[in-house]
Each structure stands twice: as structure tokens, then as C-alpha cells.
Amino acid sequence: MSQAVETILHEIRESLMMALVSLKTNKLRSVLTLLGIAVGVFSIIGVMTGMAVLINSIESGMSQLGANTFQVQRMPNFQTGNPQERAKLRNRKYIKYEQALKVKENSTFAAAVGIEAWTFGKTAVGSDGKKSNPDIQIAGEDIEGFVTNNWTIGEGRLFTQDELNSGRNVAVLGKQIIDKLFPRTDPIGQTIRVDGHEYQVIGTIEPKGGMLGGNQDNFITVPLTSFFNIYGKERDVHLMVQSSSRESFDDCIEQVRGIMRTARQVNPGDEDDFYIFSNDSMIEQFNDFTKYLRLGIMLVSAIALLAAGVGIMNIMLVSVTERTREIGIRKAIGAKKTNILSQFILEAIVISELGGMVGILLGIVVGNILAIMLEVPAVIPWDWVAIGFGSCSLIGITFGVYPAWKASNLDPIESLRYE
Amino acid sequence: MDNSVVINLKEIKKIYDMGGAEEVQALRGVSVEIHKNEYVAIMGPSGSGKSTLMNIIGCLDTPSSGLYEFNGVNVSEMNDNQLAKVRNKEIGFVFQTFNLLARSDALHNVELPLIYAGVTSGERKRLAREALNHVGLGDRVHHKPNELSGGQRQRVAVARALVNRPSILLADEPTGNLDSKTGDEIMILFEELHHQGNTIILVTHEEYIAEHAHRIIRVRDGMVETDERVDKRKTVTTV
Ligand SMILES: Nc1ncnc2c1ncn2[C@@H]1O[C@H](COP(=O)(O)OP(=O)(O)OP(=O)(O)O)[C@@H](O)[C@H]1O
Ligand SMILES: [Mg+2]
């Protein structure tokens, strides 16, 4: 038994060696053939690596929110579905401050509940007249919002509960605003103006860098009450909730979902009229959003691989004809049918695997250029690497079998006479 | 000395159907017995069927009719794998046109029968080198066929035929492409092999080559014309 296994292993090794030798002697042809395979594998591995990098980036973006944190907002981040569904989404009512307060009061699993409201496209003016670009964001925050946003104070301080309650015009600034308005002076104690309102700068926020290449540090935070005083109270707020532990995270989501449904008077059986955004839901949404892209790429790759497979078959058939004499010689000195068969099949597999290897390497490199751009760690999608190698073997075997079978069935004497 | 029959041909015919009513009768009933350690030369005019006969003896070709027993076994009853094994282990074939793998070096060419015999790589290299040394090509192991002279190529082919230590050596005009000096070198080699107990069957056009043999079978029009012992064998040990 082990003797038999040994012989088989031996034969595979020998066939592999012979296959490699004959591929080496036909370099150009082998390279051209494996190029087809490489392109097919490259496209799928490249895209899948890119996707993995994006998901990584989303995850690391999420972790910037703080551990075990999720958001409650009116709309999903990516909007999919048909026009009616989208219209339904647009008709959703704002999340009101009072509803958010209900969550803050009643969620027992939450360690912190931040309530915030944002407005965009503002210009800040410094006391000496320096102006920011008209693209900054203003966030009305409550104090727990700093916890759930995972913001740490650099210089100065955070606003106090008193300042929050009384709606004082104080501001804590993001790094980018400081760089713009106070490049050389100490910002603490200075005043800035936004939309004609003056704020006293009391602190700065440590920079975190951008998620998905965006800039997260280009903003001003003010007490939520001050924000309401200036921009109106009837606006959409969103909630950030940090659960007390990793274990209670899911329970916390469900509890908050329940509180929100009650507060917004959603009938039992109806779907939520708000969106809970967590790590998982975000990735789920992302996968959903990119489903057709991935399907498309898979289809294109499959077609490319199929074409490449036909190319391999073609080359192998030519090779069998060209090497008729060689096959005759091998048979004349004792090669069995199976020797010839395995030699040619292995040759097809080796071409296909080499092509696959090139494709996988290129795909991983190109996919990870995205990782460098997004400043997240490089990713190797091992599952797709395995699938890539697997399908290459399959192609090699599928399209190599017929030429190999043809070779193995050649008559020794006819082949020796072949000119 | 064991004198058993290794090759027994009875009424062997080979007919090539050329389509339509046309056919070529390459062999029209050949009956020959060859014993162990015989040294046989097959002679005859071109087209008389010598190569056809050799290919049948070498289990490369199958007769249209007749019986061929190899070491007492009916060859027509052997399956593909058994035939491959006989070609690999029992018979060493030296072709008129060398039939070496053009893109492999001498060593790999000689190794080939050992690969199919399942010999491990290290042992294979050793045996192949030994066989090449034996034919005087120890210093040419890494030369490809096109980097060797005709005589050297033929010696590689002989080394390949012998590396698996077959009991029978078949040589179809082994000196046909060589000048008489290199031809003699090959004949010295055969002489040695015969001394070591091998059975040798060789096809030749040359009387002086045939004179090395014990027995000369003359073929004409696909039939055995004469089959006689040689009394005054010519032996060469030096050129
Ligand atoms: N594949 C084939 N198809 C048809 N006829 C063939 C085939 N092979 C050989 N023949 C014919 O069989 C006859 C014997 O051929 P063979 O090659 O055995 O001759 P030979 O004695 O070896 O000649 P030479 O001394 O020239 O090598 C020839 O008439 C040849 O034309
Ligand atoms: Mg001939």
C-alpha cells in the first residue's frame, strides 16, 4: 500500500520535473499562455483585495468612534434599492432631541450616549481676520459625545455641564481649523466667528486623521444647546451609544432599538424608521452595495479564465502534435500511457498555476495600493488566493485532459515515424 | 549455459492496407527462433522488411497475423502496461536515426528508461553516468544531441538502450549513419555486451558488420531467404 503511494508520488514528481523542463524549453509560448490565466486571476484577486482593504478601512474608521459604539441615525450610509424605497427613506421623520433624550434616560446597557447635530459648509473667521475654507463642519455635542466619538482634548479643556446647560458660546476646535486660523498663536482664549456668532475657544481636539481619505479634523464643536439656539432646535440629531461591555453590545443595540421605536411610535411589525449603524451593519451594507460589482468581476474573470483555458487546450494540442516524436521515443523506451497522460496534464496545470501565481501576486499588490492610499494595513485575502489556485488547477485539468489523453494514446511506431 | 528461446516468431505477417485494393505485404510469413546470448545479424535489400521485423520483435509494432512469443509469453495477449514494461526492462532498442530527445542532454536521455522503471533520482544519475562512461562519453554528459557527433549520439542511444540492463539488444542499422571507424567503435561495444551474456539482434547492410555475428538471417520480399551460422566470425577488440 505505502509502496503504491510512494510510486504514485514518485511519478507525480517525475512528471512535474518533465513538465517544467518542457515549459522551460518553450518559454515564449508558455509565457503567452499563462498571461491569459494571469489576467483572469488578477482581476478577481485585485478587486477582492481592494474590497478587503475597504472593509478594513471601514472597521478602523469605526474603531475611531470608540470601542463598542454604534450610531442611530435617520438614513443608511449607502442607499440602495428602487426609487420607491428611496423615496420612503427620504420621507422619514427627523430624529428629535426629545427622542434621543429618551434613549439617554432609559438605556441601561449603555455606558455613554452622545447626542449630536451637525451642519456643514461653514466658514470660520479668526480674531485677526484669518478665514478658513468654507467647508468646515460644526457639531453641536453634549459631553458624552466626546466619549462616544473617541475624541481626546489636546490643549485647553472640554465644555462643562454648566456651559452646556446654559448654552454658552464656547468652542473646541479640530486640528485643521487651528492650523488654518491660529498657525502661530495660542488658540485658547481667542474668539472665532461663524455665521456672525462669536465663540470663545476653550480647547482643541487631538487629530485622528481621515477615514476613507476624508478629513475628520476639519470641524468645530460647540455645546449642543448653543447649536440649537443658533441653528434651531427642530433638526435631525443623531445618537452615538457606547455599550458598557463587548458582551452587552448586541443587547444594547436591541434595547436602544426598542426605546427608539416606542419614542417614534413605530407600530409593531413595521420596520424601523431609523438606521442603526454599527461595525457589522456597515460592512453588511457595504457588501450589499458592492454585490453587483463583485458579481460582475467574477463573471468577467470566469470568462477570462475560460478563454485562457481554451488557450491552454489549444497550446497543448499544438504541443502534442509537435512532440509526437518525443512521445514515440518515450513510449518506445517504456513510458506507460499513464506516464504520458500525467506529464501532459501536469504541464497544463503548471502553466495554469504559474499564470495564477502571477495574477494573484499582481492582484494583491494592486489591491493594496488602495491600502497605502487609505493608510490601513495591507491585506491578503487568503480565501480568494485559495480559490484562485483551486480554479487554476481545475482549468489546467479540464483543458489539459483531452490533449494529454490524445498524447497518451498515440501509437509508438506511428509516432516514431512522424516527421 | 542456458540456451532457452527468447524470441519465437511463427508465420509472422505484416500487411499495410493502403486503402482501396492496394496493400503492402511487408512481411509474408517469417518464422525465426532466437536463443539466449545469440548474436544475430539481419540483412537484406532495402524495403525487404527488416525494420518492420525489428519493430515487431521490439514490441513497438504488432503483426497482422502469426504468433510472437517473448520469453514464452504470447505478446498479442499482453496489455499496454505489460508491453511498456517489456520495452522498458527487457529490450534495449537502438534506432538507425538515434531517436534521442533533442532538447535534453545526454544524461537525461540515458536516464529516461530509468525514470519509467521507477528508479530514484540519485540512483538514476549514478547508473546513467556509469552507462555513459561505459560507452566512452563520461566527459559529455551535459551535451545535447546537437552538440555531439553522429557516433557520439549513437553511443548515447546505446547507453540508453543498455542502462536498464535488458536481456536483449535490438539495433536497427546502428552504424548506418556512421563512418567505418566510428562504426567499428560501436561494434566493439556490441562485442563486449555479447560477452557479458546479452542477446543481440542487429540489422545491417554491411557485410563486414554482419561478420561480427554468429548467425546471419537474410530477408527478401518479406520472407526469410537464408538463415545460417557464421563459421569464421570476425572479432574486433581494437580499431
Ligand atoms: N507505415 C507503412 N505504411 C505502408 N507501408 C509501409 C509502412 N512501413 C513500411 N512499409 C513498407 O514495408 C516494406 C518494408 O519496409 P521496412 O522499413 O521494413 O524495410 P527495410 O528492410 O527496413 O528497408 P531499409 O533497409 O531501407 O530500411 C517497404 O516496402 C515499405 O514501403
Ligand atoms: Mg529499415
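Being a predicted model, the structure only gives us computed values, none of them experimental.
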Which atoms of B:L100 come close to chain A, meaning under 4.5 Å heavy atom to heavy atom: side chain ones, backbone ones, both, or neither?
backbone
Region of B:N99 that comes under 4.5 Å of a non-hydrogen atom in chain A
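The answer is both parts of B:N99.
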In plain terms, say whether A:E347 and A:R29 are close enough for a salt bridge, that is, a side-chain N and a carboxylate O under 4.0 Å apart.
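Between A:R29 and A:E347 there is no salt bridge, as every charged N stays at least 4.0 Å from the carboxylate O atoms.
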Regarding B:S149 and B:Q152, do their side chains bring together a donor and an acceptor under 3.5 Å, going by distance alone?
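A donor-acceptor contact under 3.5 Å links the two side chains.
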Distance from A:L34 atom CG to A:S352 atom OG, nearest 0.5 Å?
9.0 Å
Heavy-atom neighbours of A:F389 CZ exceed 12 at 6.0 Å
yes
Contacting moiety of A:R323, where chain B heavy atoms sit under 4.5 Å
side chain
Under a 4.5 Å cutoff for heavy-atom pairs, which residue among B:R103, B:R160, B:K85 has the most contacts with chain A?
B:R103
